[in-house]
Structures are given as C-alpha cells and as structure tokens.
Number of protein chains: 2
Amino acid sequence: MSRQPDKRTAILLATLKLIAERGFHGTPTSMIAERAGVGVGTIYRYFKDKDQLIHTLYEELEAKNKAFVYQGYEEERPVLDRFQHLCRNIYRYLLANPLEFRFLEQYFDSPYGVAKMRQKLDSAGEPFHALLKEGKRQGLVKDMPPTLLFGLIFGPMINVIKDHDSGLLKLDEVLLERLIEATWDAIKK
Amino acid sequence: MSRQPDKRTAILLATLKLIAERGFHGTPTSMIAERAGVGVGTIYRYFKDKDQLIHTLYEELEAKNKAFVYQGYEEERPVLDRFQHLCRNIYRYLLANPLEFRFLEQYFDSPYGVAKMRQKLDSAGEPFHALLKEGKRQGLVKDMPPTLLFGLIFGPMINVIKDHDSGLLKLDEVLLERLIEATWDAIKK
DNA sequence: AAAAACGGAGTGAACATTCACTCCGAAAAC
DNA sequence: GTTTTCGGAGTGAATGTTCACTCCGTTTTT
C-alpha cells in the first residue's frame with residue numbers, strides 16, 4: 001500500500017457521512033471527493049463506480065455491525081436472556097452509530113438493497129432465527145411465522161431509533177429496557 | 001374548461017404507479033407523461049413543478065387514507081375495541097392499496113416528507129393519540145411516551161406489510177387478528 | 001529514471017423545465 | 001345558419017443544469 005494516509009478509508013467515511021446526511025441522490029461524487037480531501041479521479045482508482053463504492057461501504061458496515069451484535073452471545077443462557085442480550089446490542093449499536101443507521105436504512109429502501117433484505121434475515125439474523133425457534137419449542141414464544149416475529153421485534157426498533165435520532169424522543173437506558181420488555185411481551189405466549 | 005377532464009387525474013395516477021414501482025429518482029417527468037398519455041408540458045399546466053406534483057399526490061392519498069381509517073370509529077366503545085378497529089382499518093387499507101403504501105413509504109423516507117412525519121402524528125393520528133391517552137388513564141396501557149407506543153404499533157405494521165407486499169409472507173384475516181393481538185400485548189400493561 | 005498514485009478539467013448523457021406553437025370548441029359577427 | 005375570431009388546453013423540441021465517469025498531465029514512491 002502507499003505511505004499516503006489511507007485514501008480509501010477517507011472516501012468510504014466521506015460517503016457514509018454524506019449519504020447519511022443527504023441521501024444517495026444528494027451526494028455527487030464530486031462532493032464525496034471534496035469531503036474526503038481527494039480528487040474525483042481517485043475515487044475511481046479504488047472503486048469501479050459509485051454503485052460499487054456504496055455496496056462496499058454496506059458490506060463493511062454490515063460486518064462491523066454483526067461482530068458487535070453477537071459479542072458476548074452465549075448459547076447456553078435461557079431464551080429470554082439471550083433475546084434481551086441481542087436486542088440490547090442491536091439498539092446500542094444503532095444508537096451509538098446514527099450515521100450508520102441512516103445509511104443502512106437508505107440502503108435497504110433503495111434498489112441497492114432489495115435483494116439484501118432476504119439475505120439479512122437468513123445469514124446475519126441466523127442466530128436470532130434459531131433463538132426464536134427454540135423459544136417456540138419451549139412454549140415461550142407465540143407460534144407465528146418467523147417473518148411476523150421479526151416484524152414485531154425489528155419494526156419498533158427501526159421506528160423508535162428513527163424518532164430518537166430525529167430528536168422526537170430521548171431514549172435512555174431505562175426506557176430501552178422497558179422497550180425491550182414490551183417487545184418481548186409482543187412475541188411471548 | 002378542458003377537453004379531457006381527466007388529464008390531471010391521469011398524471012397523478014401515473015405518478016403514483018411509477019414512483020411506487022421505480023422510486024422518485026427512477027421516474028423522470030417524461031416517463032410520467034408517457035404513462036399518463038399526455039405531453040410533458042401538460043404536467044406543468046396542472047402542477048408548478050415535479051415537487052408540487054408529488055406533494056399534491058401525497059395530500060390526496062393521505063385524505064383518502066384518513067377517511068377510510070376512521071370509518072365507523074365510535075368514541076363510546078371500550079379502548080381495546082377501538083384499538084383493534086383502528087389497527088384493522090389501517091392494515092386493511094394498506095394491504096388493499098400496495099401502490100399507495102409503497103408511495104407513502106418512499107415519501108416519508110425522503111426530504112419530501114421529513115416535516116410531514118410530525119404532522120402525521122399530530123393531526124392524522126390525533127384520535128389514535130387520544131385513544132392511547134385514555135388507555136393509559138384507565139391503566140390498560142403501559143405508561144410510556146406516546147412516541148414509543150406509536151413505534152410499537154406502527155413499526156411492526158410497516159415491516160409486516162412490506163414483507164407481505166414483497167411476497168415474503170402471506171397475511172390473511174386470521175394472521176392479521178393475531179398480529180393485532182400481539183401489538184396490543186406489546187403496549188398493554 | 002521508471003512506475004504508481006493522484007487530481008481535476010473535460011465530456012456526454014440524463015433530466016427538469018420552458019416556450020413558441022397547434023388545434024379545437026365556443027362565442028361573436030354576419 | 002354560416003363564417004370568423006378568439007381563448008386556452010395541450011404539446012414536445014430546445015435549453016440549461018447536474019452528474020458520473022474519463023483522460024492525461026503532474027506528483028509521489030520505488
């Protein structure tokens with residue numbers, strides 16, 4: 001690699017910030033270049049085109065996110081404990097990284113991420129999926145299609161974080177616990 | 001007056017369909033004109049610019065939606081009954097009108113609708129708001145900020161309908177009732 | 001000195017918007 | 001009843017702007 005400060009990272013970071021702030025269509029490549037302190041042409045040294053830049057950014061964020069969420073996850077704990085653990089981690093991650101949340105949101109609601117949605121549920125959500133299945137087997141969780149259960153869990157999450165980030169709502173630790181509890185009430189038998 | 005009294009409607013309908021299918025940035029005015037069977041210039045006879053066209057479309061859909069949702073709403077019924085009634089109506093409306101759902105979703109997640117979000121909660125959601133307040137007073141509903149309660153109700157709704165429309169899930173009347181029940185479990189004390 | 005990395009003016013395509021014009025139904029003149 | 005005039009809805013080629021991406025001269029690294 002070069003001895004220059006890492007331009008690739010600078011470009012990815014600028015892209016994250018700008019897209020979170022202004023959306024895909026509010027961020028021309030020229031603006032990304034400027035914010036990254038880089039020439040326009042340099043972007044194209046590291047990424048084939050804008051689409052690939054965005055997909056790469058997604059992949060890297062997703063990996064970081066996943067690593068964080070499953071941190072300290074222990075298969076042996078009771079279902080409810082594990083449920084709370086995962087929810088807490090997801091909430092904490094997204095609340096601590098509002099830019100990433102906004103980017104991911106935009107990504108999923110765009111032609112970029114349509115196909116990724118399913119993948120998200122199948123791969124990244126795999127341990128979560130297994131957890132719910134086990135909960136059902138133990139008679140703790142309502143017997144519904146997994147997709148519905150996911151909706152009951154992630155729906156409020158997305159909604160509430162959006163409101164938090166836009167200042168409509170101030171989430172603290174206490175409220176967060178009550179929220180997770182309410183989410184459990186929704187899916188528990 | 002006009003030779004074809006329906007051009008305005010044709011333009012609005014074409015816009016709805018195209019934006020639902022292809023997003024804001026996938027639908028140039030030229031395409032709207034073509035789909036509406038109208039010249040490009042005609043759009044600008046009825047609407048100041050593309051933004052106003054989209055805002056107008058939103059306003060008209062919102063009015064239609066609201067009228068449907070509060071149909072048959074009776075203030076005197078018990079809180080739970082009214083809750084179920086409103087949820088059912090919203091679900092039914094959005095499931096019966098997937099194009100409108102997709103359009104509204106895009107609208108809210110874009111610079112167009114940022115300001116509208118609050119309004120949505122304050123005006124269109126007013127009876128809903130009052131209902132939750134009453135539920136709290138009667139000790140039926142969890143004592144949480146209204147924004148959180150809204151999140152617990154509308155979050156799953158949006159998520160689940162999205163999954164239904166994309167074919168990930170088949171919602172029927174039975175499942176719908178169970179879903180509304182689960183939502184109530186989430187917010188009830 | 002050769003090779004790699006970089007920068008940013010330049011290019012063409014896509015787009016929203018405009019405006020000079022057409023066309024037709026209806027009113028006015030006959 | 002027939003002809004002329006007129007208003008304004010309707011149109012799409014032309015315009016100006018924005019943007020992703022390229023090309024090549026310059027700088028940095030080896």
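First the proteins, then the strands, lettered A, B, ... as listed; each starts at 1. Please read these numbers as outputs of a predicted model, since none were measured by experiment.
The two residues B/Leu152 and B/Thr183 have their closest heavy-atom pair at O-CG2, 3.8 Å.
Proximity of B/Tyr46 to the phosphate of D/dA9: no side-chain N or O atom is located under 4.0 Å from OP1 or OP2. Not one side-chain nitrogen or oxygen of A/Tyr44 sits closer than 4.0 Å to the OP1 or OP2 atom of C/dC6. Look at A/Thr29 and you'll find a side-chain N or O under 4.0 angstrom from OP1 or OP2 of D/dA20.
Whole-Å rounding puts the B/Asp51 CG to C/dT17 C1' distance at 12 Å. To the nearest angstrom, P of C/dC15 lies 7 Å from CE of B/Met31. Summarising the geometry, the separation between CD on A/Glu34 and P on D/dC19 is reported as 13 Å, rounded to the nearest angstrom. Computed from coordinates, the A/Phe47 CZ to C/dC6 C1' distance equals 15 Å when rounded to whole Å. Distance A/Ile43 CD1 to D/dC21 P: 10 Å, rounded to the nearest Å. Summarising the geometry, the separation between CZ on A/Phe24 and P on D/dA20 is reported as 12 Å, rounded to the nearest angstrom. Per the geometry, NE2 belonging to A/His25 stands 11 Å off P belonging to C/dC15, to the nearest Å. If you take CZ of A/Arg8 and P of C/dA4, they are 20 Å apart, rounded to a whole angstrom.
For A/Lys7, counting side-chain heavy atoms from C-beta on, the closest listed nucleotide (D/dT22, C/dG7, D/dT11) is C/dG7. Listed nucleotides C/dA5, D/dA20, D/dT11 differ in distance to A/Arg45; the shortest reach to its side chain belongs to C/dA5. When each of C/dG8, D/dG12, C/dA16 is scored by its nearest atom to the side-chain atoms of B/Pro28, the top-ranked nucleotide is C/dA16. Looking at the side chain of B/Lys50, the nearest of the listed nucleotides C/dA16, D/dA20, C/dC6 is C/dA16. Among C/dG7, C/dT18, D/dT11, the nucleotide with an atom closest to any side-chain atom of B/Val38 is D/dT11. Of the candidate nucleotides C/dG7, C/dT17, D/dG10, C/dG7 has the atom lying nearest to any side-chain atom of A/Thr42.
When B/Glu177, B/Glu173, B/Glu181 are each tested for a salt bridge (charged side-chain N to carboxylate O under 4.0 Å, His left out) with B/Arg88, only one passes: B/Glu177.
A distance below 6.0 Å separates the ring centres of A/Phe154 and A/Phe128. A/His25 has its ring centre no less than 6.0 Å from the ring centre of B/Phe24.
When each of B/Val40 and A/Lys48 is assigned the nucleotide of DNA chain D with its nearest heavy atom, B/Val40 is the one assigned upstream, toward the 5' end. When each of A/Gly37 and B/Gly41 is assigned the nucleotide of DNA chain C with its nearest heavy atom, A/Gly37 is the one assigned upstream, toward the 5' end.
Atom CZ of B/Phe47 is separated from atom CD1 of B/Ile11 by 5.5 Å, given to the nearest 0.5 angstrom.
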